[in-house]
Amino acid sequence: MRTFALYCRSIIMEYHFNEIERKWQTEWRKRRTYAVTEQTEKAKFYVLDMFPYPSGAGLHVGHPLGYIASDIYARYMRHKGFNVLHPMGYDSFGLPAEQYAIQTGQHPAVTTAHNIARYRQQLDQIGFSYDWEREVRTSDPSYYKWTQWIFGLIYNAWYNQETDRAEPIDSLIAKFESNGTYGVHAVCDEDWYKQMDAARFFFGPNFEGEFTATDWKSMNEEQQQLILMHFRLAYLADSVVNWCPALGTVLANDEIKDGVSERGGHPVEQKKMTQWSMRIRAYADRLLRGLDTIEWSESIKEVQRNWIGKSEGAYVEFAVQNSSHVIGVFTTRPDTIFGVSFLTLAPEHPLVLEIATDEQRGNVEQYMASAKLKTERDRQADVKNVTGCFTGAFVMHPFTDQLVPVWIGEYVLAGYGTGAVMAVPAGDQRDWDFAQKFNLPIPAIFEGIDVSQKAETSKESILAHSDFLNGLGYKEATKSVIEAIEAKGCGKGKINYRMRDAVFSRQRYWGEPFPIYYKNNIPYYLDPRQEQVTLPDVDKYLPTEEGEPPLARAEREAWNVWQGDRMEFNTMPGWAGSSWYFLRYMDPTNEEAFASPEKVAYWNQVDLYMGGAEHGTGHLLYSRFWTKILFDLGYIPFDEPFKRMINQGMILGRSSHVYRIAGTNQFVTAEKRDQYDTQQLYVDISLVDNDVLDLEGFKKWLPEYADATFILNDDGKYTCTFAIDKMSKRWFNVANPDDLCEKFGADTLRMYEMFLGPVEQSKPWDTKGINGVHNFLRKLTRLTMDKEGQIALSDESPTREELKVLHTCIKRVTEDLNRFSWNTVVSTMMICVNELTDLQCNKKAILEPLCILLAPYAPHLAEELWERMGHTESICDAEWPAWTAEYLETDAFEYPISLNGKTKFFLTLGIQLDQEAVTAAVLANEQTIKMLDGKSPKKVIVVPKRIVNVVV
RNA sequence: CCGGGUGUGGUGAAAUUGGUAGACAUAUCAGACUUAGGAUCUGACGCGCGAGCAUGGGGGUUCGAGUCCCUCCACCCGGACCA
């Protein structure tokens with residue numbers, strides 16, 4: 001009987017997290033606790049997570065780390081009285097669903113819907129405060145209708161450098177109609193006029209991109225459209241693209257890592273194709289300057305700065321001897337122009353074959369062919385191996401009129417600057433290496449600097465042998481040489497950007513179809529507000545035999561819209577839908593606009609954006625770009641999307657190894673593995689506790705281990721070794737949130753993920769400490785209950801000591817949350833509960849505010865206790881408690897007394913004592929006298945309520 | 001090679017402006033209560049017998065440095081022939 005009673009009691013006293021969590025998740029949904037509306041009288045706060053791609057693998061414990069942190073912050077801001085927008089959705093177009101479709105024939109929409117359902121279930125059990133009524137999916141036609149519409153805006157816009165913003169294309173057309181190109185300062189393809197098909201125009205060979213209003217008006221529509229295409233911010237152009245044959249698509253620069261595709265690691269080659277691009281270069285400088293206005297980590301800002309790659313210098317032209325050609329180069333060191341001893345062109349430079357002499361042509365062609373054979377990756381790996389070839393041609397130095405030989409070399413990249421460099425061996429190490437290898441002169445151009453061993457690359461030196469630049473430093477020389485170059489008409493000062501325009505079309509099925517059709521090969525935009533092009537069904541998700549994108553397989557009847565000769569068969573890249581999704585959350589069901597202007601004005605910028613740092617040059621750059629366009633065109637009142645961003649670290653897996661003796665089914669413990677010839681095998685982490693293997697579980701795990709035998713260590717245990725890897729099924733080290741929610745509850749999981757350490761840090765997942773957090777929640781529960789498990793709170797007024805404990809906690813939790821220190825909040829609350837337990841405090845006046853502090857972290861338990869305390873409203877709307885400074889005060893402070901900065905003993909003194917009184921009290925103390933040992937103190941430093949330091 | 005970051009007990013980590021280094025957990029050990037415990041409670045736990053020494057190494061500024069400055073080392077992430 002007694003045993004049974006005890007058993008019952010322990011059950012009652014248990015913290016029934018499963019029951020509580022299920023109850024409140026249902027209740028919240030029923031009450032629409034997290035639905036949010038625009039309330040203009042209330043201050044808003046927008047907390048956003050990077051929405052996930054719903055992969056088939058589901059969530060592992062690493063994914064929710066950022067979601068939990070942002071959820072805590074969102075709940076905290078709600079308690080503080082803000083109207084908080086905290087939405088979630090899915091970036092549901094993408095490659096994996098398509099590849100699965102290719103393999104199985106399953107429509108990607110089906111796979112995607114299935115995966116989303118699984119994600120939703122996993123997210124729900126963690127208890128997030130998302131307003132699911134605002135969910136978006138990028139693959140939903142009602143969403144991508146507006147992605148298409150924004151594409152249309154960009155397509156129908158140009159960049160006016162006079163106003164430094166994008167404008168509707170109509171304003172450019174108006175300029176052409178009234179004054180032709182006169183007074184037009186647009187960002188457009190450089191030398192666009194050279195690309196024009198002369199046969200279609202009446203322009204002569206000397207056409208340099210200028211025409212009159214009369215010219216414009218005499219053009220037919222086709223000709224006008226062809227010209228406008230060079231000015232549009234979304235444009236169709238023949239460009240050299242990164243083509244991935246294995247994936248059958250082009251890739252953007254940020255989708256390539258080490259010369260292979262980021263997804264799948266397939267080789268990538270350069271190929272000339274007609275593709276849609278976005279003129280992001282027009283925004284290079286604004287994207288750079290905007291970084292100074294937002295609170296992002298320095299590292300991610302730096303990544304963007306490098307990607308944009310602004311460099312200032314000059315564009316200089318060199319005339320080719322006995323030829324009408326000129327070679328333009330970009331240099332950041334025009335001041336070293338008198339040190340030019342040769343020019344180097346990239347092997348792909350268009351003039352190479354034009355200028356090569358007959359004697360050299362054979363060599364040049366051979367060199368070009370060998371360079372072409374190398375992949376981008378080989379070329380990068382082979383940096384130290386200097387190669388090159390003389391073209392036989394010479395150019396004239398603009399100042400000395402000396403003849404300078406023209407070489408080609410792999411170290412010059414076709415895609416940067418003009419694809420040609422003026423080589424100054426004295427001032428650039430690569431040029432120096434090249435000169436050294438091919439016995440080219442290395443003229444000395446710096447005062448007192450020997451350049452026979454290496455180049456002088458610092459900008460500190462004074463110029464010599466440089467005509468009018470002699471005696472000048474880098475800065476003055478650069479200024480003066482640019483003036484001279486401009487006066488001579490052979491160049492100009494120039495700012496160059498490394499960033500390329502972004503290729504915007506993909507030869508894939510599972511993406512947004514373009515709102516574009518073609519007539520006579522001229523593209524025309526279809527406004528999706530009138531007629532939306534949706535994805536047609538296809539029989540297969542592969543490119544056609546002719547290499548056309550999968551959409552070309554769709555029968556004409558399969559398209560809901562068909563106009564002109566044909567539709568656009570490319571689809572948009574993954575970053576299209578994710579570049580503006582944060583705006584759609586503001587007004588997700590609007591059918592008239594991407595979002596109403598009032599709602600956009602109210603919710604405004606994202607105040608806190610949480611997500612991984614791996615999108616630095618992709619999503620985060622593109623969404624800034626689109627935001628600026630929407631701002632320029634007057635659709636939104638801000639030009640940076642994410643005011644503050646925090647990048648959560650990656651959670652790595654801790655995988656465990658066992659050692660099998662070669663050729664047997666016997667396993668040896670880690671301590672003794674050196675004595676045998678062993679093979680290391682991965683073992684499922686659920687079978688390992690604290691590096692000790694569960695032998696029975698191991699035998700049952702896989703059939704091949706059923707009759708395994710073991711050599712144990714001296715304690716009779718089998719010890720495993722471990723390694724830190726990415727979480728993957730391969731290593732059996734995936735920890736998923738479902739199991740943990742089942743075993744410990746969502747509240748414990750939430751708190752534990754925060755307790756692990758600073759969110760921004762990457763760390764291995766380890767469940768060692770999870771019991772500590774779980775016990776904390778149980779301990780807190782116990783404070784509120786009597787032995788029968790009933791809520792038992794006292795209405796007595798709290799003691800001063802209890803108030804001090806509570807208010808210290810309020811202060812620290814509030815301050816820590818304000819500085820996004822999620823991890824220290826957990827220990828602060830633990831300290832508070834430990835102290836209240838020692839005080840045996842069960843007073844409502846103390847526990848009620850504590851409950852609110854807990855609510856952002858452990859919303860289910862907090863809600864349950866709140867209800868048991870007699871509240872009928874959700875704790876989510878409870879006002880955040882304020883701390884009272886008076887309660888934090890004590891009348892005495894235990895001063896550490898130190899001698900020359902080393903703590904020796906402690907002395908408790910009243911806090912009302914001033915510095916002199918403290919000094920007197922300390923010097924009079926017998927321990928001080930003993931410490932001084934007869935020496936007289938030089939001075940005594942007193943920092944009130946901190947420390948006393950006696951200096952001798 | 002360049003840029004960003006990190007370096008503190010067996011482990012995860014605290015220490016907001018320079019002011020008692022190691023809070024809070026976890027692991028381990030010892031003990032209590034139990035038929036039992038992944039429960040609860042008590043205690044020990046950086047190194048050293050000690051005076052002392054300790055925040056990657058060395059130097060500096062300061063009454064006082066994990067924190068600021070210089071320099072070197074290690075690791076992680078990112079970029080890399082960008083003219």
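Note: hydrogens, waters and symmetry copies are ignored here, and every other heavy atom, side chains too, is used. Quick note on labels: first sequence line is chain A, next is B, and so on, each numbered from 1.
Between B:rC70 and B:rA23, the distance separating the two P atoms is 32 Å to the nearest Å. A distance of about 10 Å separates the P atoms of B:rG46 and B:rG22, rounded to the whole Å. For the C1' atoms, the distance linking B:rA13 with B:rC29 amounts to 22 Å, nearest Å. The same atom, P, is picked in B:rU26 and in B:rG43; the two are 15 Å apart, to the nearest Å. Nucleotides B:rG5 and B:rC69 are separated by 12 Å at their P atoms, to the nearest Å. B:rA65 and B:rG56 have their P atoms separated by 15 Å, with the value rounded to a whole Å. B:rA14 and B:rG59 are spaced 28 Å apart, taking the C1' atom of each and rounding to whole Å. On the C1' atoms, B:rU55 is 10 Å away from B:rU67, given to the nearest whole Å.
In the set B:rA83, B:rU20, B:rG10, B:rG10 carries the atom at the smallest distance from any side-chain atom of A:Lys768. Among B:rA83, B:rA14, B:rU20, the nucleotide with an atom closest to any side-chain atom of A:Thr824 is B:rA14. Closest to the side chain of A:Asn949, from the set B:rU26, B:rC63, B:rU20, is B:rC63. For A:Asp428, counting side-chain heavy atoms from C-beta on, the closest listed nucleotide (B:rU40, B:rA83, B:rC63) is B:rA83. The side chain of A:Glu302 has B:rG3 as its nearest neighbour among B:rG3, B:rA21, B:rA83. When each of B:rG38, B:rC24, B:rA13 is scored by its nearest atom to the side-chain atoms of A:Lys763, the top-ranked nucleotide is B:rA13. The A:Glu815 side chain lies nearest to B:rU16 when the options are B:rA25, B:rU17, B:rU16.
Contacts of A:Gly309 with the nucleic acid, taken as non-hydrogen atoms under 4.0 Å apart, are absent. As judged by a 4.0 angstrom heavy-atom cut-off over every strand, A:Ile941 is placed among the base-contacting residues. Within the 4.0 angstrom heavy-atom criterion, base atoms lie near A:Ser827. Within the 4.0 angstrom heavy-atom criterion, no nucleotide atom of any strand lies near A:Tyr895. Across all strands, A:Phe776 comes closer than 4.0 Å to no nucleic acid atom at all (heavy-atom distances). If you check every strand for non-hydrogen atoms under 4.0 Å, A:Asn775 touches sugar and phosphate atoms only. Base contact: A:Phe744 has a heavy atom under 4.0 Å from a base atom. Within the nucleic acid shown, A:Pro758 comes within 4.0 Å of sugar-phosphate atoms alone, with no base atom in reach, counting heavy atoms only. Residue A:Val951 is in sugar-phosphate contact alone, with no base atom involved, counting any heavy-atom pair closer than 4.0 Å across all strands shown. Among the atoms of the strands shown, only primed sugar atoms or phosphate atoms (P, OP1, OP2) are found under 4.0 Å from some heavy atom of A:Lys902.
Under 4.0 angstrom from either OP1 or OP2 of B:rA83 there lies at least one side-chain N or O belonging to A:Ser311. Taking 4.0 angstrom as the limit, A:Asn823 places a side-chain polar atom (N or O) nearer than this to OP1 or OP2 of B:rA14. The side chain of A:Gln761 contributes an N or O atom lying less than 4.0 Å from OP1 or OP2 of B:rA13. Residue A:Asn834 has a polar side-chain atom (N or O) positioned under 4.0 Å from OP1 or OP2 of B:rA25. Remark: A:Lys904 is in phosphate contact with B:rG52, judged by side-chain N or O atoms under 4.0 Å from OP1 or OP2.
The CG atom of A:Asn771 sits 18 Å away from the P atom of B:rC24 (whole-angstrom rounding). If you take CD of A:Gln304 and P of B:rG4, they are 16 Å apart, rounded to a whole angstrom. Counting to the nearest Å, the P atom of B:rG4 and the CE atom of A:Met645 are 17 Å from each other. Taking atom NZ of A:Lys779 as the reference point, atom P of B:rC24 lies 10 Å away to the nearest angstrom. Atoms CD (A:Glu348) and C1' (B:rC81) sit 13 Å apart, rounded to a whole Å. Here the C1' atom of nucleotide B:rG38 and the CG atom of A:Leu740 are 14 Å apart, to the nearest Å. A straight line from CE of A:Met830 to P of B:rA14 spans 14 Å, rounded to a whole angstrom. Distance A:Arg778 CZ to B:rA25 P: 15 Å, rounded to the nearest Å.
In this structure, B:rG9 makes no Watson-Crick or G-U wobble pair, since no nucleotide meets both defining distances under 3.5 angstrom. Base pairing of B:rC1 is made with B:rG79, judged by Watson-Crick or G-U wobble geometry with both donor-acceptor distances under 3.5 Å.
Taking the six-membered ring for Trp and the full ring otherwise, A:Phe820 and A:Trp822 have centroids separated by under 6.0 Å.
One side chain, A:Thr824 or A:Ser821, offers a donor N or O that lies under 3.5 Å from an acceptor on the other. No donor-acceptor contact under 3.5 angstrom links the side chains of A:Thr837 and A:Glu835, judged on distance only. Looking at A:Glu410 and A:Thr387, their side chains do bring a donor and an acceptor atom within 3.5 Å of each other. Counted by atom type alone, A:Ser461 and A:Tyr474 present zero donor-acceptor pairs between their side chains at under 3.5 Å.
Counting heavy atoms from C-beta outward, A:Ile280 and A:Leu287 have side chains that approach closer than 4.5 Å.
Salt-bridge annotation for A:Arg819 and A:Glu815: absent, with no side-chain N of the basic residue lying under 4.0 Å from a carboxylate O of the acidic one. Taking 4.0 Å as the cut-off between side-chain N and carboxylate O, A:Lys310 and A:Asp285 count as a salt-bridged pair. Between A:Asp292 and A:Arg305, at least one side-chain nitrogen of the basic residue sits less than 4.0 Å from a carboxylate oxygen of the acidic one, meeting the salt-bridge criterion.
Under 3.5 Å, the side chain of A:Arg819 and the base of B:rU17 form no donor-acceptor pair of N or O atoms.
Its glycosidic angle being within 90° of 0, B:rG9 falls on the syn side.
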